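Here is the structure we will look at, set down as structure tokens.
Throughout, residue positions are numbered sequentially from 1 according to the sequence presented. Please read these numbers as outputs of a predicted model, since none were measured by experiment. These numbers come from the heavy atoms of this one structure, side chains and all, not from hydrogens, waters or symmetry mates.
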Amino acid sequence: MAQLDEGQAEWCAGLRRAPPQSASVWNIGRRRGKTFAALAHACWLASQQPGRRLLYAAKTGKSARAIVEPTMAALYAGAPPGLAPELHRDSGSWLWPNGSRLVWAGVDNDQFDRLRGPGAHLLLLDEAAFYPDLPGVESALLPQLMTTGGVLLYLSSPPLSPDHPYAGRLRAARAVGLYRHDTVHGNPRLTDVDILRLQQSEADRLGLTVEQLVASTYWRREYLAELVAEQSTAAVPSWTQEAAAELVGDWQRPEYFDAYVAADWGYSPDPSLLLWGFVEHGTGILTVEHELVLRRATISQLAAAAKSAEDTLYGPRRWDGTVAGNATRRLEELPDWLRYLAHEKAPRQPWLRVGDNDPQLLAELATHGYGMLPSDKHHKAIAVDAVVQAVAQRRIRIHTRCIETQRQLMSTQWNSAHNDWVRTDSHHGEAVDALVYMWRSVDFSRDLRPKLLPPMGRSPTSPGRNLLGLLRAR
């Protein structure tokens, strides 16, 4: 422990004071020495009493070995014979003379199964914010702490998305005083010149200037340990905290508007999500004013919940399955099951409903009197980019009550292939998809104002009994 600096020593002291079966979080940026400190604490614990079992998990088995072996070698460099643990590479472990053991593994491909056992006194989950299935790892390994009174430590820089389960562990630890935060600037072994060199190296690697790097979410997340969404993989990178401050509000409908409904259907465990919005003539702005999130709902439950929402928004029975906007399309463009629900005498609001194009689901919804047009879904990346640009231009607004929509706009991330969203434990980007469907369907060119009719018995061009006509007649 003598090799630790003052900050690292304080982190470890807090861990020694942690109650049995508690979970601590070290939310610490790169190049600050969090893994070195955590393994130093594990070595101290192993030497205190014989037979301690200590577990270390990293994102992959390869990275676990690459981290643990040189770190342990550094911790015991120059140690007297008989004190240092012995490396057993085949079993992925270090064994102390007193019988204590440190076992390491990756969490990929279920390798963490080899960390299972009758009990453990310390569990280190390194870079936990980047585990694809953190709850699965927890359910497999945490029971080992129950019989021993052991403690759990999450040590990581923040995740790409604030919606990763690690963010919840972070908030929980902060609430009970088991949270530590530090940045690269807190490392006393790095001078200002060292940090400038690091910034220049990272900027060159990413093709940025140093100024751009320091302002980027990458630097803020990885080196300053801020809980911000990574913009390079964000679904809607233009939805920043600054944008949200401008675009989220208690927006009220104008006198004349078109209402739109959009839905993305979720199949367990994903939720189904519906959005209601409106457009005012001449503004080019879409406002999302209401949302509905349903899990494991039947078709009849979906229809009933949507009708209830529209009763509240537009008045009782205004949700009639016919949709006026459908009547503006050529009949052959509509599915067979939707044609009988499209006519010009439909209720004025909503103007149009669009949904994820599952024909069977939409057809069944129609049998419940809730008509919805299948959304166009080709060129998803281009359609998403249109929403990104609309947010940047401040043409999409969100009502304050649409909490889930705000959360998903901030947290939804592209996968590595850039063809689908990363699934979290609470959503799969349903709000972003529904917003894309709605934006694609809006007709901003429609004149929503009522048409002015000429007075009875007069032609539109002749002076009539209106004020303008009387003035001209004089």
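The distance from the CH2 atom of W11 to the CG atom of D5 is 6.5 Å, given to the nearest 0.5 Å. Atom CG of L362 and atom CG of L373 lie 8.5 Å apart (nearest 0.5 Å). Once rounded to the nearest 0.5 Å, the distance linking CG of L125 with OH of Y154 reads 6.5 Å. Residue D420 holds its CG atom at 3.5 Å from NE2 of H428, rounded to the nearest 0.5 Å. In this structure, the separation between CD on Q241 and CD on E246 is 13.0 Å, given to the nearest 0.5 Å. Here the straight-line distance linking atom CG of D108 with atom OG of S63 works out to 7.5 Å at 0.5 Å rounding.
A side-chain donor-acceptor contact under 3.5 Å links Q408 to the backbone of A431. Within the 3.5 Å criterion, the main-chain N or O of V228 finds no donor-acceptor partner in the side chain of T217. Side-chain N or O atoms of T312 include one that pairs as donor or acceptor with a backbone N or O of S308 at under 3.5 Å. Between the E291 side chain and the I403 main chain, a donor and an acceptor come within less than 3.5 Å of each other. For the pair E10 (side chain) and R180 (backbone), a donor-acceptor distance under 3.5 Å is absent. Looking at E222, its side chain never comes within 3.5 Å of a backbone N or O of R30 through a donor-acceptor pair. For the pair R32 (side chain) and G186 (backbone), a donor-acceptor distance under 3.5 Å is present. Between the side chain of H368 and the backbone N or O of Y370 there is no donor-acceptor pair closer than 3.5 Å.
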- Message: Evaluate T191 against D194 for side-chain hydrogen bond (donor to acceptor under 3.5 Å, both in side chains), listing each step before the verdict.
- Response: CA-CA 5 Å; T191 66; D194 291 331; 3.1 Å; yes
- Could you walk me through whether T287 and F257 pass the side-chain contact (heavy atoms from CB on, under 4.5 Å) check? CA-CA 11 Å; T287 301; F257 64 93; over 6 Å; no
- Should D258 and R348 be marked as a salt bridge (Lys or Arg N to Asp or Glu O under 4.0 Å) after you check the CA-CA gap, both sets of side-chain angles, and the distance that decides it? CA-CA 8 Å; D258 268 349; R348 179 66 183 79; 2.9 Å; yes
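M438 pairs with exactly one of I396, L275, V261, L352 by the side chain to side chain contact (heavy atoms under 4.5 Å, CB included) rule, that one being L275. Among the candidates Y314, W276, W251, the single residue satisfying the ring-ring contact (aromatic ring centres under 6.0 Å, His included) test with H290 is W276.
Both tests pass for R446 against the ring of W351: distance under 6.0 Å to the centre and angle within 45° of the axis.
Shortest non-hydrogen contact noted between V388 and A235 is CG2-O, 3.5 Å. For the residue pair S272 and G266, the shortest heavy atom distance occurs at OG-N, 3.0 Å. Of all the heavy atoms in C402 and E289, the pair that sits closest is SG-C, 3.7 Å. Of all heavy-atom pairs between P254 and F278, the closest is CD-CE1, 3.6 Å. Considering every non-hydrogen atom in both A215 and R220, the closest pair reads O-CD, 3.9 Å. The two atoms that bring T400 and Q406 nearest to each other are O-NE2, 3.1 Å, heavy atoms only.
Contacts of N419 classified as side chain to side chain donor-acceptor pair (under 3.5 Å), with partners at least two apart in sequence or in another chain: N415.
Using a 4.0 Å cut-off between charged side-chain N and carboxylate O, K59 and E127 make no salt bridge. A salt bridge between R407 and E404 is present, with a side-chain N of the basic residue lying under 4.0 Å from a carboxylate O of the acidic one. Between R31 and E202 there is no salt bridge, since no side-chain N of the basic residue sits under 4.0 Å from a carboxylate O of the acidic one. A salt bridge does not link D126 to K34: none of the charged side-chain nitrogens sits closer than 4.0 Å to a carboxylate oxygen.
A 4.5 Å side-chain heavy-atom check between N357 and S375 finds every atom pair outside the cut-off. Annotation: side chain of W239 is not in contact with side chain of V432 (no heavy-atom distance under 4.5 Å). Annotation: side chain of V151 is not in contact with side chain of P19 (no heavy-atom distance under 4.5 Å). Residues W219 and L224 meet the side-chain proximity criterion, which asks for heavy atoms closer than 4.5 Å. When side chains are defined from C-beta on, R174 does not count as touching V25, because their heavy atoms never get closer than 4.5 Å.
A 6.0 Å sphere centred on CG of D250 holds more than 12 heavy atoms belonging to other residues, nucleotides or ligands. The environment of NZ in K62 is sparse: at most 12 heavy-atom neighbours from other residues, nucleotides or ligands sit within 6.0 Å. Counting non-hydrogen atoms of neighbouring residues, nucleotides and ligands closer than 6.0 angstrom, the CZ atom of R197 reaches no more than 12 such neighbours.
Counted by atom type alone, H427 and D270 present zero donor-acceptor pairs between their side chains at under 3.5 Å.
Note on residues 166-207: no pairs pass ring-ring contact (aromatic ring centres under 6.0 Å, His included), not counting sequence neighbours.
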